[in-house]
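Down below is the structure, laid out as structure tokens.
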Amino acid sequence: AKLTLRVTQLEKGGKAQSEPASAPSKEDKKAKEEDDDDFDLFGSDEEEEEEEEKEERKARLAQYAAKKAKKPGVIAKSNIILDVKPWDDETDLKAMEAAVRSITCDGLLWG
């Protein structure tokens, strides 16, 4: 019998406890509201930066932008290693080197 009463109370959205919960007093409500006002999780929008902080931030941003403008752009480079082996020990290595260095391509520099 108790179990069916609990199930019906839960289905109706009521509490499973047989005792009714006591209502919070007015003092508790006031104390809770005061606590909520004191604690600001994400900071307040009402507080604004001082003029000095704004000027300092602008100066730092200007310095950073000037520093970035002076930096040269990134030069993309790739190293390509060719492992060239002769067919046999009688192959002319000087002629092979000349043949390999004769390869030309846009941006290719032999080092």
Exercise. So, for Val100 and Leu82, which heavy atoms are closest and what is the spacing to 0.1 Å?
Worked result: CG1-CD1, 4.1 Å

For this session: Under the side-chain contact (heavy atoms from CB on, under 4.5 Å) rule, collect the residues that match up with Thr91, sequence neighbours excluded.
Result: Pro86, Trp87, Asp88, Met96

Problem set entry | side-chain contact (heavy atoms from CB on, under 4.5 Å) involving Asp89 - partner list, sequence neighbours excluded | none

Exercise. Is it true that a side-chain atom of Trp110 and a backbone atom of Ile103 form a donor plus acceptor pair closer than 3.5 Å?
Worked result: yes

Exercise. How would you list all residue pairs meeting salt bridge (charged side-chain N to carboxylate O under 4.0 Å, His left out) that involve residues 99-111, not counting sequence neighbours?
Worked result: Glu97-Arg101

Exercise. Residues in side-chain hydrogen bond (donor to acceptor under 3.5 Å, both in side chains) with Glu55, at least two apart?
Worked result: none

Spatial distance of atom [atom1] ([X]) from atom [atom2] ([Y]) [nearest 0.5 Å]:
{"X": "Ile81", "Y": "Asn79", "atom1": "CD1", "atom2": "CG", "answer": "6.5 Å"}
{"X": "Thr8", "Y": "Leu3", "atom1": "OG1", "atom2": "CG", "answer": "9.5 Å"}
{"X": "Leu109", "Y": "Thr104", "atom1": "CG", "atom2": "OG1", "answer": "12.0 Å"}

Got a list of side-chain donor-acceptor pairs under 3.5 Å for residues 59-69, not counting sequence neighbours?
from, atom 1, to, atom 2, distance (Å)
Arg60, NH2, Glu56, OE2, 2.8

